[in-house]
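Hydrogens, waters and symmetry mates are skipped; everything else that's a heavy atom, side chains included, is used.
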Amino acid sequence: MTYTTGPYGAETAPLTDRPLTADPGVPAPAGPPLAEGAPAGGPSTDPSAGPSAGEAPRPRKERDPFFDNAKYFAILLVVAGHSLANLLNVPVAKGLYIFIYLFHMPLFIVITGYFSRNWTFAGGKARKLITNVGVPYVVFEFAYSIYDWLAGRNELEISLLNPYYLTWFLLALFMWRLSTPVWQQIRWPLAVAVGFALLSYMSDLGGTFDIHRVIGLLPFYVLGLTLKPVHFELLKKPVARPIGAVVLLAGLGGTYLVMNHMSRNWIFWKDAHFELGVGNFYGTLMRLAMFVAATVFLAAFLALIPRRRHWFTKLGAYTLYAYLLHGFVTRLLNFTGWWDADWMHTIPGVFVVICGALVVGTALCSKPVVRTMSWALEPKMTWVFTPLRRPGASR
């Protein structure tokens, strides 16, 4: 979930300058798509780079409401999915949970990749990567670990090498962003990323950095890097909406048919083939099928997204807040035993929980929450950095 938190309608830096909406992300919510060939980033920090005398200033870029709307609805899927995880003994909840998990994070990651197309180490973007992705990762890794310990765990365990709960996405985003210049220079980046991901599941890479997830979901980031505005325009056509609805309904129905015949661990993207009890041949076919299914479902989801501004559009710029903060709510209900309430484990209870998740997800994108928590998600840390050191500058 990587998304901007600047005022809606103002000139915005690309998604790469922010933490992930996905965005699980992610991350800073995405800004507007850049024109082909346009430089990435906001206003230059070099005083000498301003417009020459008599040159009119560049017009501000308007944020595309389509992407903010997409991130808003996607974060609601994330919050609802994490809530349904505690009600899987109810078939309705189990089917919805698996279906949501098939594509909700790939959706955020594709959008993140799309707005990372012009990411480089120039223009202060590396600093933004540190402050808006790296620092929130450290803050919330500590926060969730301490929260878990205070709730009853016997030992306080904090490890920046082993992401806790939701924080894996920030670590993955940090690594994906660093790799962006590499993928931009490979002739067939998506094919290479898919091959790399498939090979990773054939070996035990350990749990450090949640590396199976980082590599396994990499193709969706690279897919976003390869997309162009014209591809999203296809999804905005009126004919795409009914097709998207049919695809999602078919996918949901198919999920109910197979949900009792597959391990749920597949949808977490973090286990090697041997951990899932399958060989490399079958495992590779399954992963390929999941890549295709996730891509189809996220495209169908985007086809249903409103194209114009609505009351929720501005909230799409702050989905990283909802992503990182809603875990404290769901974990609190877990620690206090609320999820064991009998009424929740019924069909009406499932829908009440979903409605509650939608309310929580919306509230956590609101301005009061952003003002309160911006110190952790968008810290001002200019005092940490020095002027850019250029090789040979002192010679």
Side-chain angles (χ1 to χ4, degrees), residues 1-8 15 18-30 63 65 67-86 97 100-101 104-105 107-109 111-112 132-133 135-148 151 163-170 173 305 309-336 338-339 351-379:
M1 268 141 276
T2 83
Y3 318 137
T4 171
T5 54
Y8 191 85
L15 184 67
R18 300 159 186 144
L20 180 191
T21 117
D23 6 172
V26 337
R63 292 175 65 92
F67 290 101
D68 279 329
N69 292 340
K71 293 196 296 288
Y72 169 72
F73 285 107
I75 196 62
L76 296 185
L77 287 181
V78 172
V79 180
H82 285 153
S83 300
L84 291 172
N86 301 280
Y97 174 81
I100 288 172
Y101 265 70
H104 75 306
M105 289 311 297
L107 169 63
F108 272 119
I109 295 167
I111 295 176
T112 298
N132 289 13
V133 179
V135 172
Y137 171 69
V138 174
V139 169
F140 281 88
E141 183 68 19
F142 273 79
Y144 271 113
S145 298
I146 295 172
Y147 186 64
D148 195 21
Y164 181 90
Y165 196 30
L166 301 170
T167 59
W168 70 269
F169 181 78
L170 291 176
L173 177 59
I305 295 300
R309 292 185 180 89
H310 297 275
W311 64 267
F312 49 79
T313 301
K314 292 182 179 180
L315 301 180
Y318 306 101
T319 51
L320 180 60
Y321 286 79
Y323 177 79
L324 289 175
L325 295 173
H326 83 273
F328 291 104
V329 179
T330 56
R331 302 295 277 184
L332 176 63
L333 296 179
N334 185 42
F335 296 147
T336 56
W338 283 28
W339 293 118
F351 286 100
V352 170
V353 168
I354 291 174
C355 291
L358 301 183
V359 172
V360 169
T362 300
L364 292 178
C365 294
S366 64
K367 285 187 177 180
V369 173
V370 173
R371 292 194 188 101
T372 303
M373 295 302 302
S374 61
W375 64 271
L377 283 90
E378 297 179 283

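Of the possible polar contacts, one joining the T336 side chain to the L332 backbone as a donor-acceptor pair under 3.5 Å is found. In this structure a side-chain-to-backbone donor-acceptor pair under 3.5 Å is present from Y323 to L166.
For the pair R331 and Y165, the cation-pi test (distance below 6.0 Å, angle within 45°) is passed.
Of all heavy-atom pairs spanning Y144 and F328, the tightest one is OH-N, 3.4 Å. Minimum heavy-atom separation, A357 to S83: CB-OG, 3.7 Å. Here the closest heavy-atom approach between residue A70 and residue I305 is recorded as N-CG2, 3.7 Å. Residues A85 and Y97 approach most closely at CB-CE1, 3.4 Å, considering heavy atoms. Nearest heavy atoms, D68 versus T313: CB-O, 3.3 Å. Nearest heavy-atom pair across R309 and P65 is CG-CB, 3.8 Å.
Side-chain atoms of Y137 and P163, non-hydrogen and from C-beta on, do get closer than 4.5 Å to each other. Between L364 and I75, the closest side-chain pair of non-hydrogen atoms is not below 4.5 Å.
Identified under the side-chain hydrogen bond (donor to acceptor under 3.5 Å, both in side chains) test for residues 368-377, with sequence neighbours left out: none.
No donor-acceptor contact under 3.5 angstrom links the side chains of Y321 and S366, judged on distance only.
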